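Since the structure comes first, as structure tokens, the remarks are kept for the end.
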Amino acid sequence: MSTEEQLKDERRGKAGKMRDLGIDPYGGRYENILSTAAVRERADGLDLTAGDIRTDERARVAGRIVLQRVMGNLVFLTIRDGSGDLQFALSKKNVRDDWPAIKLLDLGDHIGCDGSLGMTKTGELTLWADTFTMLSKAIHPPPSKWHGLSDVELRYRHRYVDLFANPPVRDVFRQRSLIIQAVRDYLIGCDYIEVETPALQPIYGGAAAKPFTTHHNALDIKLYMRISPELYLKRLLVGGMERVFEVSRNFRNEGISTKHNPEFTMVELYEAYGDYNVMMERVEGMTSLAIERLGGGFKRPYGEVEIDYSVPWRRCKYGDLLLEHAGVSMSDAQAVRKKADELGIDHTKMADAVVVNVVFEQTVEDHLVQPTFVYDYPAALCPLTRRHPEDENIALRFEVYVNRMELGNAYTELNDPAVQEANFREQLAGEGDTMAIMDEDFVLALEYGMPPAGGLGVGLDRLVMLLTNSQSIRDVILFPLQRARRATEV
RNA sequence: GGGGGCGUAGCUCAGUCGGUAGAGCAUCGGCCUUUUAAGCCGCUGGUCACAGGUUCAAGUCCUGUCGCCCCUACCA
């Protein structure tokens, strides 16, 4: 008996035998349970010694069987719940009438037991059970009890197996929750309010990316999945909501890589009467609080390098970095194009600003390992950004890089409706996608008057990657996009 | 889009020069009341991703398809 169907039939048969014994193999409500972590905490105060069984220290614990050691009329089970593992001991003498059902248990089943806390001869904290409750029969056998699940395709396609078979995976997602909560708490502490804006948009904007398109049947209109919440959040500034943020799932119909998933999560925020310098402090502030909540300090490993998140982070002008690493001035179009030739870039159909940016990406980005704010971008690339008061060709924008990866993007927001409208109408040559798609209602909103403001977007998946030392965005997204396969396969 | 790699039992993996499809764990049957991946004895279990081709003979070589991973390009 060993093909998958045979293994499952064996387990189905055991579920049937449990029913014959009057036991529902799928259990029901089970109350007053202690987590395995809580049991450990309690045991720490009991001063147990090897061989103790404390009949006065009772506990009820539930979880999944991940290891099973049967020694005749005594069974040791390793039970896993959301907080960790704990050993159960079930002896025929103690559980009496339940013994026949216990012999029908398999790896992967969920059970619950009441028992006395104790410690075995070898010093292992153990729940010595005297009652037994069947909570769920696993029909599909779990992966290797020792190696877990290592096939990456199966790990992503069947993440639920990955999560219970590979405990470090679950910890990454616990940390993800802590990080996102820290970001929320930080912003709430700065007097922001959290809002929700449309994910289905008739006009997409706020970023340069291809959208997913869909259709609303009742209204018979074309809709786009948002690529960014930017233009809606800025409308809220017009409405007098002076500090707003949204944890926004964005959808971009682009390539997939270790740093890109078609749907990803950003926190985007706008602060009236602020500017991009304030936004730098917001990035530092939310990251610092997340690190404090996670523990582990501000110097953290990422792959082969150590990243130092101590504030303040390095602040560098875009133009200075370009001069340092490419040896050309961002305002000298001829020199930039000559450099592009050296780099083998075909720039004949690109606007000057686009060439500058391609050269920047190829020469500078590799040097941006430690957290760095790169600020004052070529204005032509930034249709939603306010111009530098002393140089029309510079936009008050920064991107923040960590480990060569863009973590966030911020502006001193453009609030002049005439300039905004002109920017929307200008199409930049050589840019595949543009963030300058005319949104007349947004221009109208600016005409009513938007306060000067700073705005920021931070890629939360990438922040989680960095802080949890995860090398792929798929390792921090529970169900990363995979090509669909028929349910009968894999 | 381009390049490279991978796909063998439920899981983790071997498989040499092309010559009978293998191991551990799990399962199944025995023994076993203090184990720690329990142990011991015994037995099962395969569309070698899929479809073709070369060959006396293909898991192995060739072509195509599907899926996944990495690099690269685009992007955030």
Side-chain angles (χ1 to χ4, degrees), chain A residues 1-11 13-14 50-53 66-78 85 87-95 99 106-108 118-126 128 138-158 161 165-166 206-210 227-228 250-266 268 345 357-358 361-362 399-401 405-409 431-433 435 457-463 465 471-474 480 482-486 489-490:
Chain A
M1 297 286 276
S2 176
T3 68
E4 187 173 335
E5 257 328 291
Q6 288 169 331
L7 291 168
K8 287 161 76 170
D9 276 344
E10 195 69 44
R11 286 162 177 257
K14 289 177 180 176
D52 278 355
I53 299 179
V66 293
L67 292 172
Q68 183 172 223
R69 295 173 289 281
V70 182
M71 14 248 333
N73 293 319
L74 174 64
V75 178
F76 290 101
L77 302 175
T78 301
D85 293 356
Q87 176 165 273
F88 285 14
L90 291 77
S91 81
K92 185 178 182 180
K93 201 168 70 183
N94 288 347
V95 300
W99 187 250
D106 283 302
L107 295 178
M119 195 170 265
T120 61
K121 284 178 184 171
T122 52
E124 179 80 18
L125 178 63
T126 298
W128 290 89
I139 298 304
H140 200 292
S144 164
K145 63 186 183 185
W146 183 242
H147 298 95
L149 187 65
S150 65
D151 181 311
V152 282
E153 182 177 354
L154 296 183
R155 286 185 48 223
Y156 295 147
R157 286 191 189 282
H158 306 298
V161 181
N166 302 326
K210 294 183 187 66
I227 58 173
S228 158
N250 297 337
F251 305 86
R252 297 188 185 176
N253 208 336
E254 310 272 356
I256 296 174
S257 80
T258 50
K259 299 181 179 67
H260 301 83
N261 194 62
E263 54 180 300
F264 66 103
T265 305
M266 291 192 72
E268 191 143 332
I345 298 164
N357 206 43
V358 174
E361 284 167 3
Q362 292 210 5
E399 292 197 348
V400 55
Y401 282 85
M405 181 165 72
E406 188 191 332
L407 177 63
N409 181 24
E431 227 187 8
D433 303 300
M435 61 175 86
V458 172
L460 290 178
D461 310 287
R462 289 182 175 182
L463 182 61
M465 284 174 70
Q471 304 304 308
S472 170
I473 200 168
R474 294 182 207 96
Q482 300 280 96
R483 199 178 293 268
R485 306 186 72 170
R486 280 176 303 164
E489 295 180 36
V490 180

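Every chain is numbered from 1, with letters handed out A, B, ... down the list of sequences. What's counted below: heavy atoms across the whole structure, side chains too, no hydrogens, waters or symmetry copies. Since we're looking at a predicted model, the values are computed, not measured.
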OG1 (A:T258) and CD1 (A:I473) are apart, to the nearest 0.5 Å, by 8.5 Å
Regarding A:Q87 and A:R69, is there a side-chain donor-to-acceptor distance under 3.5 Å anywhere? yes
message = Base of B:U36, side chain of A:T120 - is there a donor-acceptor contact under 3.5 Å?
response = yes
Return no unless some side-chain N or O of A:K145 is found under 4.0 Å from OP1 or OP2 of B:A26.
yes
Margin query: Counting only side-chain nitrogens and oxygens, does A:S150 get under 4.0 Å of the OP1 or OP2 atom of B:C13?
Written below: yes
Quick one: which protein N/O atoms are closer than 3.5 Å to N/O atoms of nucleotides 29-32 of chain B? Pair and distance per line, please.
unit_1, atom_1, unit_2, atom_2, d
B:C32, N3, A:G72, N, 3.0

By nearest-nucleotide position on RNA chain B, the 5'-leaning member of A:K259 and A:Q482 is A:Q482
Rounded to whole Å, CG of A:L77 lies from C1' of B:U33 at a distance of 14 Å
**Message:** Taking 4.0 Å as the cut-off, does a side-chain nitrogen or oxygen of A:T122 come that near to OP1 or OP2 on B:U36?
**Reply:** no
| message | Does A:R462 reach a base, just sugar-phosphate, or nothing at all? Heavy atoms under 4.0 Å. | response | base
Result for 5'-nearest mapping on RNA chain B, choosing between A:W128 and A:F264, is A:W128
Are there more than 12 heavy atoms of other residues, nucleotides or ligands under 6.0 Å from atom NZ of A:K8?
yes
C1' spacing across the pair B:A58 / B:U8, given as an integer number of angstrom: 14 Å
Taking B:C69, B:A37, B:G45 as options, the one with an atom nearest any side-chain atom of A:L67 is B:A37
(Q) Over all strands shown, is A:G148 touching base, sugar-phosphate only, or nothing at heavy-atom distances under 4.0 angstrom? (A) sugar-phosphate
